[in-house]
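Keep in mind that what you see is a predicted model, and the values were worked out from it rather than measured.
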Amino acid sequence: MTNAGDTTAVISADNFEIPLINFAAFREGDEKTKTETAKSILSGFQQAGFVYLRNHGISKATVSQAFKDSAQFFKRPLAQKEGLAWTSPESNRGYLKETMNFGREGDVFANHWPDSFDDEGKMFRSNMLSFFDQCQLLNIQIMEAIAVGLGIQANWFDSFCDAANNNLRLLHYPEVSAEVFQKNKLQVRAGAHTDYGSITLLFQDMAGGLQVQAPDGSFIDATPIPDTVVVNAGDMLARWSNDTIKSTKHRVVEPSRASQGDQTHPARYSIAYFCIPNADSLIEAIPGTYDDVRDKKYPSIKR
């Protein structure tokens, strides 16, 4: 591992590094410290498309409660979950297989809550709404760090992100026999993909299995680190940055087994918060990501 102040390279292979960054240094530091931290975050997105953040401002207790609520939700009877079914790509709300998706409350599309079932469902709704809002604050802060790293006004992204047109997704990978992977060497738990928005906040449990694609095409384990959030850039931010920021492929595969005698992988839970620019945003190359208008790789588009 290399270490430079509040930044440590925790994933490193053949010139591919994902940094672990103390985000409190940006949120609470003096101007010099904020700028240095912002540049480290931007560099992580430019080089790998991924960073780990510690001291990100969402308490350990809050994250733990979100995971507890998620696990309890997926234990509900299938009939209840199917009663909250995902309805359309446009809304992207509700239960689908073993995911549960929520958006901004009060939007044109309604969220599907289990609050009509019991008191636990009412508490689930309250906790998830609070968690959604805390993730939105972190989204704004990370986008501010990107702006500072780019040398533009810190609040440059605020008017693109303040509507919180985001998506909170609870994911459950059920317990599975290791034999499934032994019989099919190409079996994965989530295929290689990039994300579609600006950034994604990913909270992992300790089960493992997340991998990130290195420039040579190989996949590197993004090992879970307690009390951190993994943040990756999405396709929209790559386009927005004139491809100076990477939207990197990642996947979920069979996690490592402690021993060959372990024949069952326990359930895996993760929580993803997909950050998406406001619906009316005009997306065009960010100032400082091109020298001449002819250097812009993409035409302006409406989000």
Check: [Y] main-chain N/O paired with [X] side-chain donor or acceptor under 3.5 Å:
{"X": "Asn167", "Y": "Phe102", "answer": "yes"}
{"X": "Arg169", "Y": "Thr99", "answer": "no"}
{"X": "Thr35", "Y": "Glu31", "answer": "yes"}
{"X": "Ser130", "Y": "Asn127", "answer": "no"}
{"X": "Thr289", "Y": "Ala285", "answer": "no"}
{"X": "Lys39", "Y": "Gly149", "answer": "no"}
{"X": "Asn184", "Y": "Leu186", "answer": "yes"}
{"X": "His193", "Y": "Gly191", "answer": "yes"}
{"X": "Lys34", "Y": "Phe26", "answer": "yes"}
{"X": "Ser177", "Y": "Glu179", "answer": "yes"}

Is it true that [Y] and [X] share a donor-acceptor pair across their side chains at a distance under 3.5 Å?
{"X": "Asn92", "Y": "Trp86", "answer": "yes"}
{"X": "Asn242", "Y": "Thr244", "answer": "no"}
{"X": "Tyr273", "Y": "Asn166", "answer": "yes"}
{"X": "Arg93", "Y": "Asn101", "answer": "no"}
{"X": "Ser43", "Y": "Ser40", "answer": "no"}
{"X": "Gln136", "Y": "Asp133", "answer": "no"}

About how many Å separate [atom2] of [Y] and [atom1] of [X], when rounded to the nearest 0.5 Å?
{"X": "Asp205", "Y": "Ser64", "atom1": "CG", "atom2": "OG", "value": "11.5 Å"}
{"X": "Ile140", "Y": "Asn155", "atom1": "CD1", "atom2": "CG", "value": "10.0 Å"}
{"X": "Phe23", "Y": "Glu28", "atom1": "CZ", "atom2": "CD", "value": "10.5 Å"}
{"X": "Asp243", "Y": "Gln46", "atom1": "CG", "atom2": "CD", "value": "12.0 Å"}
{"X": "Gln65", "Y": "Ser70", "atom1": "CD", "atom2": "OG", "value": "11.5 Å"}
{"X": "Ile286", "Y": "Ile146", "atom1": "CD1", "atom2": "CD1", "value": "7.5 Å"}

[X] [atom1]: over 12 foreign heavy atoms closer than 6.0 Å:
{"X": "Lys60", "atom1": "NZ", "answer": "no"}
{"X": "Asp291", "atom1": "CG", "answer": "no"}
{"X": "Lys68", "atom1": "NZ", "answer": "no"}

Check the pair Glu98 / Lys81 against salt bridge (Lys or Arg N to Asp or Glu O under 4.0 Å), numbers first and verdict last.
CA-CA 9 Å; Glu98 281 292 280; Lys81 292 185 289 188; 3.0 Å; yes
Where does the angle between the aromatic ring planes of [X] and [Y] fall among parallel (under 30°), tilted (30 to 60°) and perpendicular (over 60°)?
{"X": "Phe50", "Y": "His250", "value": "perpendicular"}
{"X": "Phe124", "Y": "Phe73", "value": "parallel"}
{"X": "Tyr269", "Y": "His172", "value": "parallel"}

Minimum heavy-atom separation for [X] to [Y], with atom names?
{"X": "Cys275", "Y": "Leu201", "result": "SG-CG, 4.4 Å"}
{"X": "Ala190", "Y": "Arg251", "result": "O-CB, 3.3 Å"}
{"X": "Ser159", "Y": "Asp162", "result": "O-OD1, 3.7 Å"}
{"X": "Asn278", "Y": "Ala164", "result": "OD1-N, 4.2 Å"}
{"X": "Leu202", "Y": "Ser270", "result": "CD1-CB, 4.0 Å"}

With a 4.5 Å heavy-atom cut-off, do [X] and [Y] have their side chains touching?
{"X": "Ile220", "Y": "Gln211", "answer": "no"}
{"X": "Val229", "Y": "Val63", "answer": "no"}
{"X": "Thr62", "Y": "Gln134", "answer": "yes"}
{"X": "Phe274", "Y": "Ser198", "answer": "no"}
{"X": "Met143", "Y": "Cys161", "answer": "yes"}
{"X": "Lys302", "Y": "Ser281", "answer": "no"}
{"X": "His265", "Y": "Glu175", "answer": "no"}
{"X": "Leu138", "Y": "Ile58", "answer": "yes"}

In the single-linkage hydrophobic clustering (I, L, V, M, F, W, Y; side-chain heavy atoms under 4.5 Å), do [X] and [Y] co-cluster?
{"X": "Leu129", "Y": "Leu168", "answer": "yes"}
{"X": "Tyr173", "Y": "Phe203", "answer": "no"}
{"X": "Val231", "Y": "Ile271", "answer": "yes"}
{"X": "Ile41", "Y": "Ile152", "answer": "yes"}
{"X": "Phe157", "Y": "Leu42", "answer": "yes"}

Take Leu210 and Asp221 through the test side chain to side chain contact (heavy atoms under 4.5 Å, CB included) and record every step on the way to the result.
CA-CA 6 Å; Leu210 177 66; Asp221 289 335; over 6 Å; no
Partner of Asn232 by side-chain hydrogen bond (donor to acceptor under 3.5 Å, both in side chains), out of Thr248, Asp195, Thr194:
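The option that passes is Asp195.
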Could you give me the CA-CA distance, side-chain angles and deciding distance for Trp113 and Met100, then say whether side chain to side chain contact (heavy atoms under 4.5 Å, CB included) is met?
CA-CA 10 Å; Trp113 298 108; Met100 187 60 178; over 6 Å; no
Is a salt bridge present between [X] and [Y], judged by a nitrogen-to-oxygen distance below 4.0 Å?
{"X": "Asp30", "Y": "Lys32", "answer": "no"}
{"X": "Glu105", "Y": "Arg125", "answer": "yes"}
{"X": "Arg76", "Y": "Asp118", "answer": "yes"}

Please determine whether side chain to side chain contact (heavy atoms under 4.5 Å, CB included) holds for the pair Lys246 and Phe45, giving the CA-CA distance in whole Å, both sets of side-chain angles, and the decisive distance to 0.1 Å.
CA-CA 6 Å; Lys246 294 182 179 180; Phe45 288 137; over 6 Å; no
Centre-to-centre under 6.0 Å for Tyr298 and Trp240, is that the case here?
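Centroid separation for Tyr298 and Trp240: 6.0 Å or greater.
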Determine whether Val230 and Ile225 satisfy the following criterion, side chain to side chain contact (heavy atoms under 4.5 Å, CB included), listing intermediate values before the conclusion.
CA-CA 9 Å; Val230 177; Ile225 300 175; over 6 Å; no
